[in-house]
Amino acid sequence: MSDIFNNELFEAFATASDNVYIYVCDMQTNISRWSMASVEYFGLEGEYIENAGAVWEEHIHPEDRALYEADINGVFSGEKNRHECQYRAMNRYGEYVWLECKGSVIKDKNGMPIIFAGLMTRLDGQNKYDSLTGLPTAHELYHYNISEKKGIAVLLGLDGFRKVVSNYGYNVGDELLVLFSRILKDCCEKGWNLFRFSGDEFIAIGTGADQNVMEEFFAEVCRRADVMELASGQRVSISVSGGALLFPEDADSRERMIKRLEHCLEYAKMHHRGNLVFFSEEIARQHRRSQTIREDIKQCISKGFKGFELFFQPFVSPETSKITGCECLLRWKGEKIMDSYPMEFIKVLEEYGGIREVGFWVMEEAIRHQAAWREKYGELQISFNVSYQQFLDEEFENKLYLCLDKYGCDPKNIIIELTESCQVDKPQELASLFDRLRKRGFKVALDDFGTAYASLEMLKSLHVDYIKVEHSFVRELSEPGHDIDYVIIDNLLNMCRRLGYDSIVEGVENYDVADIVGKMDATLLQGYFFSKPVCREEFEKLLEQHL
């Protein structure tokens with residue numbers, strides 16, 4: 001037996017890793033020795049193989065054999081000294097796995113090739129553990145069999161993680177993920193399995209656990225994650241949402257478990273952020289509806305925005321009680337879904353695509369209506385919402401200016417609203433855009449002001465023309481026990497005056513509220529007391545009544 005087969009280094013490397021397989025070939029006899037790991041995993045005939053190239057080729061995927069042959073033949077013909085390629089090979093279980101194969105030729109003093117040795121690395125093995133957290137990856141999750149087990153699984157996601165990364169940077173984001181993974185490890189009971197699923201999402205599987213145990217686990221995770229201290233000493237607070245299910249009751253297969261966990265987490269983030277939601281048929285129904293809406297919207301967009309329509313809600317001057325303009329509001333009826341409300345279908349547009357195309361359609365339709373009404377009803381101001389995604393679109397400004405030229409509108413009659421609830425990751429970039437728009441004559445409004453902690457911070461960064469006061473402060477202003485709302489509104493409007501901003505007060509539902517807010521010197525009023533959002537024909541009737 002050749003000494004190269006009995007080399008101690010071969011023995012050492014042969015057992016170094018479960019995912020790396022080594023081989024050495026005596027090129028004079030064409031006999032090879034393969035590590036026992038490769039023999040067992042690929043079901044080879046034994047450690048020692050004659051004419052191994054032909055034997056091994058039978059394991060290679062038919063589509064990859066030409067690549068393998070071209071490379072290995074170059075080595076054995078003497079044309080090249082190194083073998084290196086990636087291909088798929090069948091293991092003993094009948095599955096094809098990706099391999100990276102590298103080998104080198106050793107020559108004698110006369111330049112004749114005598115030894116060919118190398119290694120094959122299973123590429124799927126590289127993804128077994130997450131390099132950041134050390135947890136098993138989603139790939140390993142697909143090897144987890146729940147069909148003969150009983151327990152509970154939960155998919156956990158960090159709320160607003162993208163915002164944290166934007167504010168603090170990717171290094172802080174990575175550090176938070178590591179800290180959170182440690183919290184999960186500490187909270188998991190003995191025998192549980194924990195995986196990093198994707199991004200900021202983790203899956204914990206508790207075999208034998210019940211709903212009460214999972215609720216306690218989730219509560220403890222949330223408590224510990226509420227304030228996480230970084231290495232720098234900085235403290236970051238973040239909330240956690242979760243979707244859970246029982247198996248095999250709610251899922252009798254691994255694939256169904258993963259899909260339903262994703263649906264549950266999506267539902268939790270949309271309707272019960274910061275809470276744990278268990279799978280139900282209602283969640284399954286909501287997911288099916290969301291999918292239908294998504295497909296329905298795609299069809300409508302492809303058919304020239306069929307089903308989309310603008311409705312209009314008037315702005316009224318408290319001094320003259322006259323309509324001075326309106327907000328353009330998007331409505332949609334699909335071919336399959338006829339009853340979707342804006343908060344539902346707009347969220348689908350934002351999350352699954354389409355908001356860009358529809359946003360530009362809204363822009364042009366709003367400007368087109370303003371131009372058509374100007375000739376008959378005078379200089380009305382129209383406003384429309386622009387998503388943060390659309391503001392940062394490199395084509396946004398150009399399309400806006402083209403629409404303006406196309407319909408001959410005066411930009412002073414166009415109010416562009418940024419919904420305050422959106423996540424502003426690049427305030428300086430947005431501030432520069434706002435400044436350019438205002439120099440061109442457009443008006444810019446900050447919508448839903450006061451609904452989130454970022455309101456005042458955004459005012460420091462963004463220069464605007466209008467502040468729209470959110471309706472939740474206004475609707476019950478005339479009712480007993482709402483003195484706090486009165487103080488808030490009064491101070492907000494006073495702040496607007498001192499900063500030189502005009503104001504639009506939403507949610508004016510009755511005469512008393514209109515009277516109270518009007519006396520506070522609001523610039524414009526908007527609400528059901530004057531009109532609900534109506535179609536173009538109904539809005540034009542309102543305009544004619546105010547001529």
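Predicted, not measured: the structure shown is a model, and the values here were computed from it.
- Without hydrogens or angle criteria, D483 side chain to Y486 main chain gives no donor-acceptor distance under 3.5 Å.
- Between the CG atom in L499 and the NE2 atom in H463 there is a gap of 10.0 Å [rounded to 0.5 Å].
- For the side-chain contact (heavy atoms from CB on, under 4.5 Å) with W34, the lone residue among F42, Y23, Y21 that qualifies is Y23.
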Exercise for the section: Just do the side chain to side chain contact (heavy atoms under 4.5 Å, CB included) check on C188 and F217 with the steps written out, would you? Expected result: CA-CA 7 Å; C188 279; F217 163 77; 3.9 Å; yes
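- Side-chain N or O atoms of D226 include none that pairs as donor or acceptor with a backbone N or O of C222 at under 3.5 Å.
- In this structure, D250 contributes its side chain and L246 its backbone to a donor-acceptor pair below 3.5 Å.
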Handout entry: Steps toward side chain to side chain contact (heavy atoms under 4.5 Å, CB included) verdict (R224, D186)
Key = CA-CA 10 Å; R224 296 195 188 190; D186 290 343; 3.3 Å; yes
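- Partners of S232 under the side-chain contact (heavy atoms from CB on, under 4.5 Å) rule, at least two apart in sequence or in another chain, are L230, Q234.
- Here E506 contributes atom CD and Y528 contributes atom OH; the two are 12.0 Å apart, rounded to the nearest 0.5 Å.
- Looking at L156 and F197, their side chains never come closer than 4.5 Å, going by heavy atoms from C-beta outward.
- With contacts defined as side-chain heavy-atom distances shorter than 4.5 Å, the pair F312/P533 does not qualify.
- Listed by first and then second residue, the side-chain hydrogen bond (donor to acceptor under 3.5 Å, both in side chains) pairs involving residues 274-285 are E282-R285, E282-Q286 (not counting sequence neighbours).
- Closest approach of L310 to C328, counting heavy atoms only: CD1-CB, 4.2 Å.
- The two residues M228 and I183 make their nearest non-hydrogen contact at SD-CD1, 3.8 Å.
- The structure places CE of M214 at 4.0 Å from CH2 of W192, a figure rounded to the nearest 0.5 Å.
- Applying the side chain to side chain donor-acceptor pair (under 3.5 Å) test between S383 and each of Q526, E327, E417 identifies E417 as the sole match.
- For NZ of K269, the number of neighbouring non-hydrogen atoms (other residues, nucleotides, ligands) closer than 6.0 Å is greater than 12.
- The residues R331 and E309 are annotated as not salt-bridged, no charged nitrogen and carboxylate oxygen being separated by less than 4.0 angstrom.
- Taken from CG in D174 to CG in L176, the straight-line distance is 9.0 Å, to the nearest 0.5 Å.
- In terms of heavy atoms, L194 sits closest to S181 at CD2-O, 4.3 Å.
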Exercise for the section: Under the side chain to side chain contact (heavy atoms under 4.5 Å, CB included) rule, what do T121 and K102 come out as? Steps first, then yes or no, please. Expected result: CA-CA 9 Å; T121 303; K102 294 183 179 181; over 6 Å; no
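- Between atom CD1 of residue I467 and atom CG of residue L493 there is a gap of 10.5 Å, rounded to the nearest 0.5 Å.
- Annotation for V469 and V474: closest pair CG1-CG2, 4.4 Å, computed over non-hydrogen atoms.
- Residue pairs satisfying the side-chain hydrogen bond (donor to acceptor under 3.5 Å, both in side chains) criterion with at least one member in residues 293-303, sequence neighbours excluded, are listed as follows: K303-E335.
- No side-chain heavy atom of Y87 sits less than 4.5 Å from a side-chain heavy atom of E100.
- Contact of the R260 side chain with the I283 side chain is not registered, since no non-hydrogen atoms from C-beta on lie closer than 4.5 Å.
- In this structure, a donor-acceptor pair under 3.5 Å is present between the side chains of D159 and S241.
- Looking at every heavy atom in both residues, Q390 comes nearest to F360 through NE2-CD2, 3.1 Å.
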Exercise for the section: Dump the intermediate steps for side chain to side chain contact (heavy atoms under 4.5 Å, CB included) on H59 and Y96, then the final yes or no. Expected result: CA-CA 9 Å; H59 288 261; Y96 282 105; over 6 Å; no
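- Salt-bridge check for E40 with R92: failed, with every basic side-chain N at 4.0 Å or more from each acidic carboxylate O.
- Around atom NZ of K259, no more than 12 heavy atoms belonging to other residues, nucleotides or ligands sit under 6.0 Å away.
- Counting only N and O atoms by type, the side chains of S432 and D435 include no donor and acceptor under 3.5 Å apart.
- Side chain of Q313 to backbone of C326: no donor-acceptor contact under 3.5 angstrom is found.
- A cation-pi arrangement is present between R122 and Y41 under the rule of less than 6.0 angstrom and at most 45 degrees off the ring axis.
- The closest side-chain heavy-atom distance from L400 to F442 is below 4.5 Å.
- Considering only heavy atoms from C-beta on, V444 stays 4.5 Å or farther from L418 through its side chain.
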Problem - ring pair (Phe, Tyr, Trp, His ring centres under 6.0 Å) between F202 and F180, worked out - result: CA-CA 10 Å; F202 299 79; F180 186 66; 5.5 Å; yes
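- Using a cut-off of 4.0 Å between Lys/Arg side-chain N and Asp/Glu carboxylate O, R196 and E201 are scored as not salt-bridged.
- The distance from atom CZ of F345 to atom CD1 of I297, rounded to the nearest 0.5 Å, is 7.0 Å.
- Side-chain contact check for L446 versus K468: every heavy-atom pair is 4.5 Å or farther apart.
- Nearest approach of D465 to K443, heavy atoms of both residues: OD2-CA, 3.3 Å.
- Salt-bridge check for E364 with K399: failed, with every basic side-chain N at 4.0 Å or more from each acidic carboxylate O.
- In this structure, K150 and T207 have side chains that are not in contact, with every pair of non-hydrogen atoms separated by 4.5 Å or more.
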